[in-house]
Amino acid sequence: MMYDHSHPGLPDPFTQAEFYADVPLKRLLAWVVDTILILLLAILFLPFTAFTALFFFPLFYVTIGFVYRAASITRWSATPGMLLFAIELRTSEGDRFDTPYAVLHTLGYTVSLSFVLPQVVSVFLMLTTPRAQGLTDLVLQTAAINRPRS
């Protein structure tokens, strides 16, 4: 199999496979942790809306989730759940995410999660591509990797 040079900064999935080992499972576990944390935040912020957010709670939850993900990915190139499982997001150049990448990745994730087919495709891609990339990762040419040891 030939090396794909279109991602010069990302670890090679064949010669540096340890960077992608168990990443789909870790992403799933991180997603569970993040989902719980976002739900707790939404409940915590509910009184600050005089409980009117109860009338549009799904939209309120998505908004809290968007801010949670974009802010944490901007700061750490990972969500708290990803940090817990020692994975982080990297650009095709191998850099950590900045604000534009964090917002675009979060937007792509949110849109994918809003529809069944893109989410199914994304999970399939994570399980079958050499870099375990989801649909948003492929579009942005990014990848989740196991955090390098400092």
Side-chain angles (χ1 to χ4, degrees), residues 7 9-11 13 16-150:
H7 301 89
L10 289 173
Q16 296 174 300
E18 66 275 9
F19 281 102
Y20 304 100
D22 300 320
V23 166
L25 174 61
K26 289 180 177 185
R27 285 181 92 162
L28 174 63
L29 296 172
W31 179 82
V32 170
V33 169
D34 291 327
T35 299
I36 292 167
L37 290 174
I38 292 165
L39 180 60
L40 291 174
L41 283 172
I43 291 168
L44 180 71
F45 284 111
L46 198 57
F48 296 102
T49 70
F51 295 96
T52 58
L54 284 172
F55 296 108
F56 54 93
F57 194 77
L59 179 61
F60 184 66
Y61 176 86
V62 168
T63 303
I64 297 287
F66 192 95
V67 171
Y68 168 95
R69 289 179 186 286
S72 61
I73 292 171
T74 294
R75 182 173 176 112
W76 301 299
S77 203
T79 63
M82 290 175 178
L83 290 174
L84 182 64
F85 293 98
I87 57 175
E88 65 185 18
L89 297 164
R90 295 292 180 108
T91 69
S92 63
E93 298 301 316
D95 298 325
R96 292 168 160 251
F97 277 25
D98 56 12
T99 301
Y101 266 103
V103 170
L104 286 173
H105 198 277
T106 302
L107 181 62
Y109 163 81
T110 303
V111 169
S112 288
L113 204 60
S114 299
F115 301 96
V116 174
L117 187 58
Q119 189 58 30
V120 169
V121 168
S122 194
V123 170
F124 176 77
L125 290 170
M126 283 184 215
L127 296 173
T128 60
T129 58
R131 288 191 172 92
Q133 293 166 293
L135 188 57
T136 300
D137 296 315
L138 285 175
V139 170
L140 295 177
Q141 297 185 357
T142 60
I145 63 169
N146 288 309
R147 275 200 339 250
R149 294 197 172 104
S150 300

Mind listing the closest non-hydrogen atom pair of [X] and [Y] along with its distance?
| X | Y | result |
| --- | --- | --- |
| Thr142 | Thr136 | OG1-O, 4.5 Å |
| Thr74 | Ala102 | OG1-CB, 3.2 Å |
| Met82 | Leu89 | CE-CD1, 4.1 Å |
| Pro80 | Leu37 | CB-CD1, 4.1 Å |
| Ile87 | Val23 | CG2-CG2, 4.3 Å |
| Phe19 | Pro148 | CE2-CG, 3.9 Å |

To the nearest 0.5 Å, what is the distance between [atom1] on [X] and [atom2] on [Y]?
| X | Y | atom1 | atom2 | result |
| --- | --- | --- | --- | --- |
| Tyr61 | Ile38 | OH | CD1 | 5.0 Å |
| Tyr68 | Ile64 | OH | CD1 | 12.0 Å |
| Leu44 | Leu40 | CG | CG | 8.5 Å |
| Glu18 | Ile145 | CD | CD1 | 10.0 Å |
| Leu140 | Leu104 | CG | CG | 6.0 Å |
| Asp34 | Leu39 | CG | CG | 12.5 Å |

Sequence neighbours left out, cut at 3.5 Å: what donor-acceptor pairs do the side chains of residues 118-126 make with other protein atoms?
residue: Ser122; atom: OG; partner: Leu135; partner atom: N; Å: 3.0

Under the side chain to side chain donor-acceptor pair (under 3.5 Å) rule, collect the residues that match up with Arg96, sequence neighbours excluded.
Glu88
Show me the donor-acceptor pairs, under 3.5 Å and distance only, between side chains in residues 50-60 and residues at least two apart or in other chains.
residue: Thr52; atom: OG1; partner: Thr49; partner atom: O; Å: 2.6

Do Tyr20 and Pro11 make a side-chain contact, defined as non-hydrogen atoms from C-beta onward lying under 4.5 Å apart?
yes
Counting distance only, does the side-chain N/O of Gln141 pair as donor-acceptor with the main-chain N or O of Thr91 below 3.5 Å?
no
Between side-chain atoms of residues 24-33 and protein atoms elsewhere (two or more places apart, or another chain), which donor-acceptor pairs fall under 3.5 Å?
residue: Lys26; atom: NZ; partner: Asn146; partner atom: OD1; Å: 2.7
residue: Arg27; atom: NH1; partner: Asp137; partner atom: OD2; Å: 2.7
residue: Arg27; atom: NH2; partner: Asp137; partner atom: OD2; Å: 3.1
residue: Trp31; atom: NE1; partner: Tyr109; partner atom: OH; Å: 2.8

Qualifying residues under side chain to side chain contact (heavy atoms under 4.5 Å, CB included), relative to Leu83, sequence neighbours excluded
Trp76, Ala78, Arg147
Suppose we screen for ring-ring contact (aromatic ring centres under 6.0 Å, His included). Which residues come up paired with Tyr101, at least two apart in sequence or across chains?
Phe97
